[in-house]
Every structure is written in structure tokens, then in C-alpha cells.
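Have a look at the structure below, then the notes.
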Amino acid sequence: MTAPAKALAEKLPESRGGINWFKYASPQTFYPLAGKLIPLFGWPALALALVGLYLSFFVAPTDATQGESYRIIFIHVPAAWMSMIIYLAMAFWCAVGLIFNTRLSFMMSQALAPTGAMWTFIALWTGALWGKPTWGAWWVWDARLTSELILLFLYLGYMALVAAIDDPRRADRAGAVVALVGAINVPIIYFSVKWWNTLHQGASVSVTSAPKMASIMLAGMLVMALAAWAYSVAVVLVRVRALMLERERNTDWVAQLVESSR
Amino acid sequence: MNWASAGEFWAMGGKGLYVWGSFAVTLACVLAEIALVRGRFAGVRKRLARMRVAADRGANDET
């Protein structure tokens, strides 16, 4: 643990009744915890996806204006939400890493990036397949679509930069700066449909107003979003475990782990 | 129930290409990511175990 993290950990003793979160800031203690959490997220993700697909195709009725093509919403909206949430999580871990100099934080953000990029690609792909039958175009240079495309480039740029720098600590820091600067794009995506006159429709669901869709469609979408979230947590935890072993291969705890699993 | 037959289900009111194109690519991405990430994890574990065996052998040669 580095000096600022240690100082903070001392200020937050376990005797105060809470959990000492800094305990899990070290890969050594987080590795087994992550291993236990993976099935706790992975299996519910599968169950939720099955329920969500059932709602999407067999319970939700045909849309009065769009017909069946609207069913793409059950993938499109959860994917778009995940693309933004994962980016924010990535930027959050980068900020934590830069402030407390905790190496696990950088590993978390590097483990999140490929999954975030995947959801961004899926949001764009399903958007194109939905745009064609609805708008008559696969792609338009609309503010929402363009800012989401920039998000994909931000993910890819972050991953490329981290991979290009040999010294892992320098790669962590350079990547973190890029990820944090890029975070400005997330509110731009979210509010693009309000700020500009876009072909893309406004928000279907918001905290401040009643949802503009039938409740069964909303339920299907939320279940699919929960499935996407649980899936992302599980897959990111597997990836961060692999990253921890790769980066910490010369440490005692990894040596002990290898020894005990023989 | 929305569908009278399996054919109607797969046709998706004539929008089958768009709907199934979306769901199939998502499924493919998810399955590919699971395979890649598990492969990566198993690969690291295997590499570390091999390094350990090599280190043991090196230590035995010295004695």
C-alpha cells in the first residue's frame, strides 16, 4: 500500500464498525473475493437474460407504429446504458488510482475497457439495424450517434495507449489521464438528444418523468439491463483476476497461490 | 402469445433480418468475450504453473 492509502486506511479502522474497504485494495485480498463473486453475478446474469428474452419476444406485444423491429430496443437500450456506465466506472477507478496510487484501481479500469467497448459496439450495431427499417438509413451523423461513436474510439484509444507503453505504471497513468478527459463525452451522449435537434428519439426512461412506454416493454428492458449489468460484473472480474496474475507474477502471494494449487 | 407459428416468430413481421441480426451479433459478442476472458485466465494460470516447475528444476540442478 502506498503512503496516502495507508494513511487513510489508518484513519478508517475496522473498530469503527464498518468494513475496511482498503483491505480489498490489495490484489492479494481482492483475488479470492473476486473469485467468489464471479458465480454470484454470472448465474443470475444468465437467469435474467432468459427471463428478459422471454419478456422481449413472448410477453411484450407488437408495437402499434413500428411493428416487430422495435424489439431491438431490448438489446439496444441496455447496451447503450452499459457503454456509458462502464465508461464512468472506468474513469472512476482511474481517478481513485491517480489519487491513492492503488495499483488494483488501474487494473479494474483496464479490465472494464474491453467489455465497455463491446457494449458500445453492440449499441451502434443494433442502432444501425434499427435505424434502417425505422429511419431508412443505417447511419446518420446525428449528435447522439456521433457521440456514441466517439465513445467507442475513446475505449479503443485507451486500450491501445495502455498496451503501447511498456512500463505498466506509466501506462496506468497515461491511460488514466485519457480516460478522465474522455469522461466529458458521457454527459454529452446522455444530453445530446436534448441539446441538439437529433433524429434519435429522446430518453424513453428518465428519473424525473413517467416512462414513455408500455410497462411490460419497460419491464423487459429493465430485466435485460440487469442481465447486461450482472454479466459485465462477472466477465470483468474474471479479466481483472487474469490481469492481477499477469502483473503480480513476481510477487509472493502469486507464488503461494501457484504453490497451493499444485 | 404473439406468434401463431414458428415461421411467424422467425419472420418477425418481415423485420427478421434486423431483429435477429441484432440479437445474434450480441449473443456472438457475449459468447466470444466469455471464451476469450476464460482462455486468458486459464492461460495465465498455466504459464505460472510452468514457470514454477521450471524454477524448481533450476533449483534442483544447482544442488
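Below, chain A is the first sequence line, B the second, and so on; all start at residue 1. Keep in mind it's a predicted model, so treat the numbers as computed, not measured.
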For [X], is it the side chain, the backbone, both, or neither that has a heavy atom closer than 4.5 Å to a heavy atom of chain B?
{"X": "A:A234", "value": "neither"}
{"X": "A:Y231", "value": "side chain"}
{"X": "A:V254", "value": "side chain"}
{"X": "A:I122", "value": "side chain"}

Can you tell which of [options] has the highest number of heavy-atom pairs within less than 4.5 Å of chain B?
{"options": "A:L129, A:V235, A:T126", "answer": "A:L129"}
{"options": "A:F57, A:W125, A:F74, A:Y70", "answer": "A:F57"}
{"options": "A:L53, A:T62, A:V59, A:I75", "answer": "A:I75"}
{"options": "A:G42, A:S56, A:S69, A:A49", "answer": "A:S69"}

- Do B:W10 and B:W20 have ring centres separated by under 6.0 Å? yes
- Distance flag, aromatic centroids of A:W253 and A:Y31, threshold under 6.0 Å: yes
- Message: Are more than 12 heavy atoms, taken from residues, nucleotides or ligands other than A:D166, located less than 6.0 Å from that residue's CG atom?
- Response: no
- Message: Strictly by side-chain hydrogen bond (donor to acceptor under 3.5 Å, both in side chains), give each pair with a member in residues 106-118 of chain A just once, sequence neighbours left out.
- Response: A:S109-A:Y158, A:Q110-A:D172, A:Q110-A:R247, A:T115-A:R239, A:T115-B:E33
- Item | Interchain contact, B:V19 with chain A, by part (heavy-atom threshold 4.5 Å) | both
- A:L151 CG to A:I189 CD1 distance, which is reported to the nearest 0.5 Å: 4.0 Å
- Should B:C29 and B:V25 count as side-chain neighbours, where that means a heavy-atom distance under 4.5 Å? yes
- Find the one option among B:R47, B:R38, B:R45, B:M51 whose heavy-atom pairs under 4.5 Å with chain A are most numerous. B:R45
- Item | Residue among B:G21, B:G43, B:A42, B:A55 with most heavy-atom pairs under 4.5 Å to chain A | B:G21
- Are A:S232 and A:W119 linked by a side-chain donor-acceptor pair shorter than 3.5 Å? yes
- Query: Can you name the ring pair (Phe, Tyr, Trp, His ring centres under 6.0 Å) partners of A:F106, sequence neighbours left out?
  - Reply: none
